[in-house]
Amino acid sequence: LFENIINLTDPEVIIVGGPAFLKHRKLFKKVIAEVRNRVIVKMPKILPAKLINNGIIGAWLIAKNPAILS
């Protein structure tokens, strides 16, 4: 999944968070190592989220300004 997103969008940075990431960081590092082998564009920086409620904040920003998705 990550490699598909990276290959399609060619982002500079991906920020990850949430309970799955926070509880399984060692497993996540292994997943990222495998993703590096499958990416055909430049590998972006992958950083942990600094905010705990970033999903709620993102949803609020989209609700406030739906044009963000356009």
Side-chain angles (χ1 to χ4, degrees):
L1 178 65
F2 273 108
E3 63 267 16
N4 291 337
I5 294 170
I6 294 168
N7 288 329
L8 289 171
T9 61
D10 194 16
E12 292 183 25
V13 176
I14 294 178
I15 299 175
V16 293
F21 171 72
L22 294 173
K23 291 181 182 179
H24 305 287
R25 287 186 184 225
K26 287 182 183 180
L27 175 62
F28 190 76
K29 287 181 182 182
K30 291 179 183 180
V31 169
I32 295 304
E34 185 61 32
V35 167
R36 287 185 198 282
N37 295 328
R38 298 179 182 196
V39 170
I40 59 175
V41 296
K42 182 181 174 193
M43 185 69 179
K45 292 180 185 177
I46 299 179
L47 304 173
K50 292 184 179 180
L51 299 173
I52 295 172
N53 296 323
N54 55 350
I56 294 170
I57 294 169
W60 175 77
L61 288 170
I62 291 170
K64 184 176 176 183
N65 186 4
I68 292 172
L69 298 176
S70 301

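Heavy atoms only: backbone and side chains are in, while hydrogens, waters and symmetry mates are out. Heads up: numbering here begins at 1 and tracks the sequence.
The two atoms that bring I6 and K42 nearest to each other are CG2-O, 4.4 Å, heavy atoms only. Residues P44 and P11 come closest through the heavy atom pair CB-O, 3.2 Å. Closest heavy-atom contact between L47 and V13: CD1-CG1, 3.9 Å.
Between F28 and I46, the closest side-chain pair of non-hydrogen atoms falls below 4.5 Å. V35 has its side chain within reach of M43: a pair of non-hydrogen atoms, C-beta onward, lies under 4.5 Å apart.
W60 CH2 to N65 CG: the interatomic distance, rounded to the nearest 0.5 Å, is 10.0 Å. To the nearest 0.5 Å, atom CD1 of residue I5 and atom CG of residue D10 are 13.5 Å apart.
The hydrophobic clustering, which links ILVMFWY residues whose side-chain heavy atoms are closer than 4.5 Å, places L8 and I14 apart.
Residues that satisfy the side chain to side chain contact (heavy atoms under 4.5 Å, CB included) test with I62, not counting sequence neighbours, are L69.
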